[in-house]
Amino acid sequence: MKWNRSHRLFKKALELIPGGVNSPVRAFKAVGGNPIFIERAKGSKIYDVDGNEYIDYVLSWGPMILGHSNPRVVKALKSAIEKGTSYGAPTAIETELAGLVNKAYPSMEKIRMVNSGTEAAMSAIRTARGFTKRDKIIKFEGCYHGHADGLLVKAGSGATTFGVPDSHGVPKSYAKNTITLPFNDIDTFRKTVVAGWREIACVILEPVVGNIGCVLPRPGFLEALRKITLKHGIVLIFDEVMTGFRVSFGGAQAYYGIKPDMTCLGKVIGGGLPVGAYGGKKEIMSLVAPEGPVYQAGTLSGNPLAMTAGIETLRILSKKGTYDKLSKRMQQLEEGLKDASKKAGIKTRFYRAGTMFCTYFTGSDVYDYTTAKRSDTGLFARFFINILRQGINMAPSQFEAGFISTAHTIKDIDKTVSSVYKVMAEL
Ligand code: KE4
């Protein structure tokens with residue numbers, strides 16, 4: 001497989017863009033080699049500038065749940081773009097998308113659209129602080145909620161991948177209001193809350209942690225979080241930017257039956273265009289400007305193109321049978337990947353939640369940041385570059401989730417499984 005054009009483009013990008021990329025995880029730093037540059041994408045496939053075709057399990061880190069260039073989404077965007085790209089004034093389609101989100105996430109009684117998951121998480125936290133008049137927040141090790149200063153403390157995703165879970169440039173005064181606890185450890189959580197609840201505004205978590213791979217909540221963990229936060233007047237924020245419409249149509253909150261006070265969304269609800277959203281109880285969200293004193297704003301928030309792509313995507317996802325098909329496909333992939341690593345004699349642990357998954361290169365269970373970090377990242381890196389050569393595009397980090405789409409066919413799954421076996425057998 002040749003990557004000459006990608007290498008030339010990367011060299012040029014390095015002169016103008018930090019690390020040659022506009023988001024660190026794309027840089028292949030954790031797996032070695034240079035990133036491939038993409039030319040186009042269609043359905044379950046992406047094509048790089050050297051003409052190579054890949055079955056795509058990154059799917060833009062989650063948004064492309066219908067696969068790339070879904071015909072109905074493209075058609076809707078084409079007609080929307082004819083009417084202009086941004087007005088800086090309210091439109092009916094913002095209310096329409098808010099309505100579709102509210103129907104799928106009834107806990108989100110009021111919703112504010114923003115432009116990224118980072119904006120959603122930071123704004124939700126500011127609102128929770130305004131509501132409780134408390135300053136501290138609790139997050140969990142390995143959870144990633146975007147790159148707002150106070151959240152880059154033991155963060156997941158690229159921050160874990162590159163070993164900078166505590167980013168430079170974040171003043172100690174910011175980080176001191178962030179309490180970071182081990183995920184799935186309810187005793188430590190309970191002790192922390194009992195000792196300091198008067199100062200704690202909110203708890204924010206990924207209910208399934210997609211930013212250290214795919215770490216599932218232990219039975220009872222989410223329920224206990226809900227009970228303890230309710231008791232102490234602490235706002236429970238589910239960051240479902242990744243799990244939203246991925247774990248199920250109603251996200252992790254529907255799947256696990258937990259009603260958070262606030263939710264962050266992103267990715268899928270923009271159908272691949274820049275979007276984020278935060279929302280929750282009316283009494284909390286009524287504090288958000290201009291209704292209340294918590295300020296938050298955005299030039300392109302509720303952008304007509306992002307709203308259009310999001311509406312079309314949710315309309316298709318809400319069609320009966322869509323998630324049955326996705327879960328059947330996911331099941332086939334899970335069985336195949338587990339079988340391939342067993343036959344190849346490679347110790348792995350596979351976890352999935354709905355249509356997101358992760359294969360850890362480890363022989364022991366993974367249930368939090370520490371156990372995820374025990375994975376053999378060197379072996380993963382060798383696996384990654386070789387499976388890429390087989391035309392399978394996986395996330396370029398052991399600490400990221402993989403995703404499937406409605407466009408992935410059984411033929412894609414069969415090819416993926418046979419390629420994984422071939423590569424693993426040669427590791
Ligand atoms: P964005 O600001 O990247 O739109 O969203 C931040 C964010 C917030 N919350 C969760 C649970 C997230 O997963 C993310 C972003 N996810 C990463 C992938 N692990 C985005 C990929 C990247 O950083 O390039």
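Here the structure is a predicted model, which means the values were calculated and not measured. Counting starts at 1 for both ligands and their atoms, following the listed order. Just so it is clear, the values below take in all heavy atoms, side chains as well, and ignore hydrogens, waters and symmetry mates.
- Scanning the protein heavy atoms around atom 9 (N) of ligand 1, the nearest turns out to be D239 OD2, 2.7 Å.
- Residue contacts with ligand 1, taken as heavy atom pairs separated by less than 4.0 Å, involve T118 via backbone and side-chain atoms alike.
- Every atom of ligand 1 is numbered from 1 in the order shown, and the set under 4.0 Å from a heavy atom of S116 is 2 (O), 4 (O).
- Here the heavy atom of the protein found nearest to atom 12 (C) of ligand 1 is N211 ND2, 3.6 Å.
- Near M242, meaning under 4.0 Å from any of its heavy atoms, are these atoms of ligand 1: 13 (O), 19 (N).
- Between E223 and K227, no side-chain nitrogen of the basic residue sits less than 4.0 Å from a carboxylate oxygen of the acidic one, so the salt-bridge criterion is not met.
- Where the criterion is an N or O separation shorter than 3.5 Å, residue side chain and backbone included, Y144 meets it with respect to ligand 1.
- When heavy-atom distances to ligand 1 are checked against a 4.0 Å cut-off, H147 has no atom that comes that close, whether in backbone or side chain.
- Residues S301 and N115 are in side-chain contact: their nearest non-hydrogen atoms beyond the backbone lie under 4.5 Å apart.
- Salt bridge annotation for K45-D412: present, with a cationic side-chain nitrogen under 4.0 angstrom from a carboxylate oxygen.
- A salt bridge does not link R218 with D185: none of the charged nitrogens is closer than 4.0 Å to a carboxylate oxygen.
- Those atoms of ligand 1 with a heavy atom of G146 less than 4.0 angstrom away are 6 (C), 7 (C), 8 (C).
- Ionic pairing of R5 and D50 is not present here: no N-O contact between side-chain nitrogen and carboxylate oxygen is shorter than 4.0 angstrom.
- By heavy-atom distance, the residue among A148, G117, A395, S397 lying nearest atom 4 (O) of ligand 1 is G117.
- Using cut-offs of 30° and 60° on the angle between ring planes, the pair F350 and F357 is parallel.
- Of all protein heavy atoms, the one lying nearest to atom 21 (C) of ligand 1 is W61 CG, 3.7 Å.
- Heavy atoms of K267 found under 4.0 angstrom from ligand 1 belong exclusively to the side chain.
- A cation-pi contact links R40 to Y47, judged by a cut-off of 6.0 Å to the six-membered ring centre and 45° from its axis.
- Distance check on atom 1 (P) of ligand 1: some protein heavy atom falls below the 4.0 Å cut-off.
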### Task
Show your working on salt bridge (charged side-chain N to carboxylate O under 4.0 Å, His left out) between R190 and D187 and close with a plain yes or no.
CA-CA 5 Å; R190 180 181 292 107; D187 291 339; 3.3 Å; yes
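- Within ligand 1, the atoms closer than 4.0 Å to a non-hydrogen atom of E400 are 18 (C), 19 (N), numbered from 1 in the order shown.
- Annotation for ligand 1: atoms under 4.0 Å from non-hydrogen atoms of E206 are 11 (C).
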### Task
Test R315 against E312 for salt bridge (charged side-chain N to carboxylate O under 4.0 Å, His left out), laying out the working first.
CA-CA 5 Å; R315 277 182 185 152; E312 210 52 42; 3.2 Å; yes
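- The shortest N/O to N/O separation between H145 and ligand 1 does not fall below 3.5 Å.
- Remark: the backbone N or O of A289 is paired with a side-chain donor or acceptor of R112 at under 3.5 angstrom.
- Among protein heavy atoms, atom 23 (O) of ligand 1 sits closest to S23 OG, 3.4 Å.
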